[in-house]
*Asks:* 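One structure coming up, written as structure tokens, with questions to follow.
A, B, ... follow the sequence lines: proteins, then strands. Residue 1 opens every chain.
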Amino acid sequence: MRNADIAEAFEELASLYELDGAVVYRVVAYRNAAKAIREAGVSVEELARQGRVEELAGVGKTIAEKIDALLETGSIPSADKLKARIPPGLIEVTRIPGLGPKRARQLHQELGITSIADLREAAEQGRLKEVPGFGKKAEENVLAALAAGADGRPKPRLVLSEALPVGEEMVAALRDQPAAVRVQLAGSARRMTDTIKDLDIVAAASDAAALVEAFCGMSAVDEVYVSGEAGAKAVTHSGLPVDLRIVPAEAFGNLLQHLTGSGKHNEALRTEAVRRGLHVSEYGIADDETGETVAFATEEQVYERLGMQFIPPELRENRGELEAAREHRLPGLIELGDIRGDLHMHTVLSDGRNTLEEMVDAAAEHGYEYIAITEHSATHGFGSGVPPDELRLRVERIRSLEGPGITVLAGTETNVLPDGSLDYADDVLEELDWVVASLHTSFRMPEKEQTDRMLRAMEHRLVDVIGHPTGRMIGRRDSYELDVDRVIAKAVETGTFLEINANPNRRDLNDVYARSAAEAGAMLVIDSDAHRADTLRRNMRYGVATARRAWLAAEQVANTRVWPELARMRKRER
DNA sequence: GCCGTTTTCGGCCCGACTGTTTTCAGTCG
């Protein structure tokens with residue numbers, strides 16, 4: 001069972017307990033455990049087999065037993081019992097804005113509501129407002145939410161690359177306003193998460209009303225819901241909600257820290273502060289001893305007051321960063337400027353949109369020292385594969401490029417065939433400087449076979465790196481079944497690099513796996529996988545962001561090296 | 001339900017908003 005599936009079961013159990021009226025701390029405990037399981041970075045099933053799941057923070061004796069039961073029987077007995085009493089459709093009811101577990105439970109008890117359909121019917125018949133604690137307004141709000149398309153399913157999230165440029169443009173435009181003192185993007189966009197649901201912008205202004213007015217008048221803004229001296233809530237033409245919050249410059253650091261989150265990071269930070277008599281909020285830090293609240297203009301000061309190193313936003317996920325910051329042992333994270341070359345890209349020869357020369361020019365202009373041209377191999381399909389003889393011609397053409405200004409390496413992205421063999425004969429691969437091996441077919445193989453397939457490819461002497469190792473497409477396709485623990489172990493054993501594919505729809509390996517890989521001693525490579533010149537320029541920041549979220553330093557990423565040094569690190573040279 | 005250089009029991013972040021209530025519970029971020 002995958003960590004995501006186990007986590008899902010505990011999320012559901014938490015919601016069921018919540019609807020059953022359990023004390024909130026029990027519910028929170030299950031949600032925390034679900035997060036710990038999802039982000040474990042190693043197989044929780046394997047941990048359970050070794051009797052080590054309680055090593056996960058937030059997993060104690062009771063939850064460990066439930067994990068065992070889930071793995072053994074496919075379900076959790078307490079969840080089965082709860083489901084007999086609480087219709088699972090109520091969980092969807094709790095996702096209607098304004099309705100939470102308490103009110104959904106009440107609707108179930110008073111009106112027998114078990115689903116969104118029941119809720120709609122009751123609201124339309126005017127029965128909702130008769131329930132104690134509900135009223136005319138509550139019923140109207142439910143009807144309005146349903147009419148607006150709320151259906152109880154979690155709201156779809158946007159891939160970061162669809163929202164981040166919008167947010168950055170808005171921030172830049174606000175900074176140009178004479179009333180702006182400080183403007184900063186916050187929220188999950190600042191933490192560079194894979195997906196986001198809205199944009200948060202924090203500002204300090206000499207004239208708050210003027211800045212809010214400028215915000216509401218921006219061309220990207222479609223509709224403004226709320227606006228005042230404290231900020232505004234709006235939605236863009238693409239349907240992206242944007243919150244602007246304005247705060248006095250003296251407390252800018254507190255609000256920025258608060259709104260950057262994550263919620264879990266802030267919660268843990270505040271819990272720890274309370275033990276020392278400090279109370280952290282978006283307005284400042286209150287000290288029990290003096291009874292005074294002190295505001296801070298910068299985030300650096302906020303963390304310093306709490307006795308911590310500044311924590312880069314990408315690390316603020318409550319994954320150990322608070323403890324590390326207290327002990328002043330946060331890693332120096334890799335930066336975009338550390339990347340010296342890009343080792344995975346395509347041209348018109350396979351399925352790219354730009355020519356070899358155009359990609360070389362774009363890379364040179366971008367300031368790279370080297371790139372590898374890595375077309376798809378012969379069996380790629382869609383008529384875009386490159387047969388061996390064509391690849392040989394391509395190698396010759398690369399070798400004869402005149403004055404490209406950068407080092408251009410001849411490479412391939414070769415398919416790994418279902419049996420784990422490669423798509424080109426060894427004598428063809430021998431002519432190349434760089435070999436990416438990726439899975440593009442037979443995604444439905446069972447985990448054991450899929451993993452064995454990949455491990456066999458990794459044992460090949462000429463495979464330098466595994467491309468987009470898990471095959472996920474964010475929001476569109478799950479990873480194929482793969483035992484990533486074994487892949488990481490094989491990478492360490494063989495000296496095969498693992499890619500962080502920087503395509504913002506992939507970001508694969510993800511942050512959690514990349515961190516595990518680096519901790520195990522594997523070497524990573526961050527590649528754009530560009531299919532056109534503009535994505536060559538644009539993708540890399542998302543890959544670097546994933547690496548930062550994985551706590552990686554530049555040394556742990558191979559393409560921060562100059563090419564001669566990186567060339568010597570390939571396993572064929574060892 | 002989890003956790004511990006305050007604790008193996010008694011805590012468990014903070015504040016805004018809403019609607020309904022007659023002083024606050026529930027929801028949200």
Side-chain angles (χ1 to χ4, degrees), chain A residues 10 13-14 16-37 53-67 76 78-79 93-107 128-142 144-145 150 155 186-188 191 196-200 202 225-226 228 230-231 233 241-243 245 247 251 254-255 257-286 288 293 302 306 318 322-323 326-327:
Chain A
F10 281 95
L13 182 54
L16 290 169
Y17 270 127
E18 193 173 39
L19 281 165
D20 195 42
V23 291
V24 294
Y25 298 113
R26 180 143 70 135
V27 175
V28 167
Y30 279 110
R31 298 229 159 99
N32 286 340
K35 176 182 186 286
I37 291 163
V53 271
E54 287 184 55
E55 289 174 17
L56 295 172
V59 175
K61 195 160 170 289
T62 306
I63 292 180
E65 281 168 11
K66 291 185 196 303
I67 292 173
I76 304 169
S78 49
V93 173
T94 67
R95 297 205 189 99
I96 301 299
L99 298 184
K102 297 277 161 53
R103 313 195 93 200
R105 175 181 150 95
Q106 201 181 0
L107 291 175
L128 236 49
K129 61 177 177 294
E130 309 303 332
V131 176
F134 285 71
K136 195 158 159 288
K137 188 72 187 160
E139 188 169 274
E140 282 170 15
N141 288 344
V142 166
K155 284 216 182 80
S188 48
R191 302 199 314 279
I196 71 164
K197 68 172 172 48
D198 60 14
L199 291 172
D200 294 292
V202 177
Y225 295 114
V226 192
K233 286 178 190 296
V242 188
D243 274 14
R245 285 275 299 267
V247 64
N254 300 100
L255 185 63
Q257 194 282 327
H258 171 73
L259 284 180
T260 297
S262 64
K264 293 288 183 194
H265 170 88
N266 285 347
E267 197 179 319
L269 173 143
R270 290 168 178 191
T271 301
E272 200 266 338
V274 168
R275 288 202 204 103
R276 295 186 290 137
L278 299 174
H279 302 271
V280 181
S281 80
E282 60 263 56
Y283 302 106
I285 299 179
D288 282 342
T293 299
V302 173
L306 298 171
N318 195 27
L322 291 163
E323 196 186 1
R326 275 196 301 279
E327 294 166 3

*Asks:* Any base atoms under 4.0 Å from Val24(A), or only sugar-phosphate, or nothing? Heavy atoms, all strands.
*Replies:*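 Contact class for Val24(A): none.
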*Asks:* For every nucleotide of nucleotides 20-29 of chain B, 5' to 3': is a protein heavy atom under 4.0 Å from its base (B), only from its sugar-phosphate (S), or from neither (-)?
*Replies:* S-----SSS-
*Asks:* Using a cut-off of strictly less than 4.0 Å, decide whether Asn141(A) has a side-chain nitrogen or oxygen near OP1 or OP2 of dG19(B).
*Replies:*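 Checking Asn141(A) against dG19(B): at least one side-chain N or O falls below 4.0 Å of OP1 or OP2.
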*Asks:* Grab the N/O contacts between the protein and nucleotides 3-5 of chain B below 3.5 Å, and write none if there aren't any.
*Replies:*
from	atom 1	to	atom 2	distance (Å)
dC3(B)	OP1	Gly58(A)	N	2.7

*Asks:* Would you please name every residue forming a salt bridge (Lys or Arg N to Asp or Glu O under 4.0 Å) with Glu130(A), sequence neighbours left out?
*Replies:*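 Applying salt bridge (Lys or Arg N to Asp or Glu O under 4.0 Å) to Glu130(A) gives none.
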*Asks:* Give the rounded distance in Å between these two atoms: CG of Leu269(A) and P of dC12(B).
*Replies:*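 Distance check: Leu269(A) CG to dC12(B) P gives 16 Å.
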*Asks:* Using heavy-atom distances to pick each residue's nearest nucleotide on DNA chain B, tell me which of Ala268(A) and Lys66(A) is more 5'.
*Replies:*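 The 5'-side residue here is Lys66(A).
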*Asks:* Could you work out, with ring pair (Phe, Tyr, Trp, His ring centres under 6.0 Å) as the rule, every residue matching Tyr283(A), not counting sequence neighbours?
*Replies:*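 For Tyr283(A) there are no ring pair (Phe, Tyr, Trp, His ring centres under 6.0 Å) partners, ignoring immediate neighbours.
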*Asks:* Could you tell me whether the phosphate oxygens of dC13(B), OP1 or OP2, come under 4.0 Å of any side-chain nitrogen or oxygen in Thr271(A)?
*Replies:*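 Yes, because at least one side-chain N or O of Thr271(A) sits under 4.0 Å from OP1 or OP2 of dC13(B).
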*Asks:* Can you list, in residue-number order, the parts of residues 27-35 of chain A that come under 4.0 Å of DNA chain B, counting heavy atoms only?
*Replies:*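 Per residue number, the list reads Ala29(A), Tyr30(A).
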*Asks:* Who pairs with Tyr30(A) by ring pair (Phe, Tyr, Trp, His ring centres under 6.0 Å), at least two apart in sequence or on another chain?
*Replies:*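 With sequence neighbours excluded, Tyr30(A) shows a ring pair (Phe, Tyr, Trp, His ring centres under 6.0 Å) to Tyr17(A), given in chain and number order.
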*Asks:* Identify, with sequence neighbours excluded, every residue that meets side-chain contact (heavy atoms from CB on, under 4.5 Å) alongside Arg95(A).
*Replies:*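 By the side-chain contact (heavy atoms from CB on, under 4.5 Å) rule, Arg95(A) matches Ile91(A), Glu92(A), Pro154(A).
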*Asks:* Excluding sequence neighbours, so at least two apart, what forms side-chain contact (heavy atoms from CB on, under 4.5 Å) with Asp288(A)?
*Replies:*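 By the side-chain contact (heavy atoms from CB on, under 4.5 Å) rule, Asp288(A) matches His279(A).
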*Asks:* Could you tell me how far dC28(B) sits from dC13(B) if I compare only their C1' atoms? Round to whole Å.
*Replies:*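 dC13(B) and dC28(B) have their C1' atoms separated by 14 Å.
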*Asks:* Please list, chain by chain and in numerical order, all residues satisfying side-chain contact (heavy atoms from CB on, under 4.5 Å) with Thr293(A), sequence neighbours excluded.
*Replies:*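 Testing Thr293(A) for side-chain contact (heavy atoms from CB on, under 4.5 Å), a comparison that skips the adjacent residues, returns Ala286(A).
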*Asks:* Does anything in residues 258-271 of chain A form a salt bridge (Lys or Arg N to Asp or Glu O under 4.0 Å)? List the pairs, not counting sequence neighbours.
*Replies:*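 Sorted result for residues 258-271 of chain A: empty, none.
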*Asks:* Given dC2(B), is OP1 or OP2 found less than 4.0 Å from the side-chain N or O atoms of Thr62(A)?
*Replies:*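 Checking dC2(B) against Thr62(A), a side-chain N or O does come within under 4.0 Å of OP1 or OP2.
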*Asks:* Please state the C1' separation for the pair dT22(B) and dC12(B) - nearest whole angstrom.
*Replies:*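 31 Å, rounded to whole Å.
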*Asks:* For nucleotides dG10(B) and dT23(B), find the distance between their P atoms and express it as a whole number of Å.
*Replies:*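 Looking at atom P only, dG10(B) and dT23(B) are 31 Å apart.
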*Asks:* Does the side-chain ring of Tyr25(A) lie flat on the base of dC12(B), meaning centres under 5.5 Å and planes less than 30 degrees apart?
*Replies:*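 By the stated criterion, Tyr25(A) and dC12(B) stack.
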*Asks:* Is it true that a side-chain atom of Arg191(A) and a backbone atom of Thr260(A) form a donor plus acceptor pair closer than 3.5 Å?
*Replies:*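 Yes, because the side chain of Arg191(A) sits within donor-acceptor range (under 3.5 Å) of the backbone of Thr260(A).
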*Asks:* Among residues at least two apart in sequence or on other chains, which ones pass side-chain contact (heavy atoms from CB on, under 4.5 Å) with Lys137(A)?
*Replies:*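 With neighbours one apart ignored, the set is Glu140(A), Asn141(A).
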*Asks:* Do Leu269(A) and Gln257(A) have side chains that approach each other closer than 4.5 Å (heavy atoms only, starting at C-beta)?
*Replies:*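 In contact.
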*Asks:* Just grab all the salt bridge (Lys or Arg N to Asp or Glu O under 4.0 Å) pairs involving residues 16-26 of chain A, residues at least two apart or on different chains.
*Replies:*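 Qualifying pairs, neighbours excluded: Glu18(A)-Arg31(A), Asp20(A)-Arg85(A).
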*Asks:* Please give the distance between the P atoms of dT5(B) and dG1(B) as a whole number of Å.
*Replies:*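 Looking at atom P only, dT5(B) and dG1(B) are 23 Å apart.
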